[in-house]
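Nothing fancy with the numbering, it's 1 onward along the sequence. Since we're looking at a predicted model, the values are computed, not measured.
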Amino acid sequence: MNGLTPPPRNAPPERTRFKLQGRSVALDRRVHAARGDLADLSLAGTLFSAHYARAVALTCVAPGTPLLAAASPTAEAVSELLRGEIFHALDVTTDWAWGFCGHDGYVGYIRRDGLDVEAEPTHRITALTAPLFSAPDIKSTIADYWPLGAKFAGDMDGAFAACAEGFVHMRHIEPIDTPVSDWVAVAEGHLGKPYVWGGRGHRGIDCSGLVQVALGRAGLSVPRDTDLQCEGIGTPIDNDAKLERGDLIFFPGHVGIMTDGSTLLHANAHWMAVVKEPLADVVARLAADHPTPIIARRRVSL
């Protein structure tokens with residue numbers, strides 16, 4: 001699948017024609033799929049490109065797979081897809097797919113072997129890590145482990161959900177449409193998970209990834225990076241207002257979630273894990289390098 005050229009002059013009437021007027025607009029390439037040789041077809045009226053491509057939806061079939069900044073296994077991980085999440089591919093080679101994530105539009109490269117076409121998911125993993133059994137028996141061989149938040153299509157078979165790859169115990173899953181009453185509790189479910197830059201829950205997670213997956217579980221689609229989250233989530237809280245459970249605290253390049261009026265839950269590189277600690281301790285730790293440790297406080301309404 002390669003980039004598509006603009007419609008020819010004799011295109012049939014039902015095909016859309018695009019006309020770009022003036023200069024191309026400078027877009028945030030993190031969330032607008034455009035590179036030197038190719039761009040998402042949806043940008044055709046906004047950004048000039050030599051070629052455009054229509055996105056093809058593929059499903060992440062690995063437990064988790066990194067979204068990379070370049071088509072190289074040593075490239076920086078900028079995010080991560082969990083099993084069952086959608087990736088909109090614009091260019092696919094033997095080893096790599098370039099495109100954007102379905103849940104937030106974040107752009108990057110993913111290993112081709114981590115993507116496939118799958119049925120709509122029916123269940124979600126609720127355990128921190130769920131074993132995938134080879135048979136509907138807890139003594140059977142474990143084929144894999146799926147992370148919290150992974151999604152799959154399966155049918156209940158007694159105490160197990162049967163899927164193409166194996167069986168997941170009912171205690172580790174929930175129906176995909178199960179509502180969430182406390183999104184902070186979803187985030188707390190990641191306590192102890194290692195801090196991994198670009199992670200969203202498979203073997204590790206970062207600060208903005210923790211915020212995104214927890215709010216996403218509650219049905220709120222939010223940006224991937226802390227600067228975008230600071231601009232796009234919730235409403236500002238006055239500096240003298242009392243903090244509440246679920247308030248977001250933004251620091252330079254970092255974000256955390258209040259679990260009560262004084263305790264911060266966050267994935268951080270200081271402890272290299274998802275932890276709870278007094279907000280005052282975090283502020284004191286950052287004060288030596290940042291005159292204003294807290295740059296924003298925002299309240300989320302669901």
- Message: Treating S134 as the side-chain partner and T141 as the backbone partner, does any N or O pair qualify as donor plus acceptor under 3.5 Å?
- Response: yes
- Message: Heavy-atom count check: over 12 atoms from other residues, nucleotides or ligands less than 6.0 Å from D155 CG?
- Response: no
- Verify, without hydrogens or angle tests, whether E76 (side chain) and A69 (backbone) share a donor-acceptor contact under 3.5 angstrom. no
- W183 six-ring face occupied by R217 cation (under 6.0 Å, within 45°): no
- Message: Do E80 and T65 have side chains that approach each other closer than 4.5 Å (heavy atoms only, starting at C-beta)?
- Response: no
- Task: List the steps and the verdict of side-chain hydrogen bond (donor to acceptor under 3.5 Å, both in side chains) for T235 and R299.
- Result: CA-CA 5 Å; T235 56; R299 182 154 295 160; over 6 Å; no
- Task: Measure from NZ or CZ of R83 to the centre of the six-membered ring of W146, then state whether that distance is under 6.0 Å and the direction lies within 45° of the axis.
- Result: yes
- Query: Does the pair D260 and R245 meet the rule for a side-chain contact (heavy atoms from CB on, under 4.5 Å), with working shown?
  - Reply: CA-CA 4 Å; D260 55 36; R245 181 175 175 84; 5.6 Å; no
- Query: Who else is in L264's hydrophobic cluster (ILVMFWY, side-chain heavy atoms under 4.5 Å, direct or via others)?
  - Reply: I237, L243, I249, F251, M258, L279, V282, V283, L286, I294
- Can D95 and T93 be said to form a side-chain hydrogen bond (donor to acceptor under 3.5 Å, both in side chains), step by step? CA-CA 5 Å; D95 298 321; T93 64; 5.9 Å; no
- Output, in order, the C-alpha distance, side-chain angles, deciding distance and verdict of side-chain contact (heavy atoms from CB on, under 4.5 Å) for L132 and E165. CA-CA 8 Å; L132 177 69; E165 297 92 336; 3.7 Å; yes
- Query: Would you say I138 has more than 12 foreign heavy atoms packed within less than 6.0 Å of its CD1?
  - Reply: no
- Query: Between D37 and R35, is there a salt bridge with N-O shorter than 4.0 Å?
  - Reply: yes
- Note, H266 side chain near E277 side chain (heavy atom, < 4.5 Å): yes
- Mind checking what makes side-chain hydrogen bond (donor to acceptor under 3.5 Å, both in side chains) contact with H88, not counting sequence neighbours? none
- Check whether any side-chain heavy atom of K276 lies under 4.5 Å from a side-chain heavy atom of E188, and answer yes or no. yes
- Message: Looking only at the side chains, is there a donor atom on one of T94 and R112 sitting less than 3.5 Å from an acceptor on the other?
- Response: no
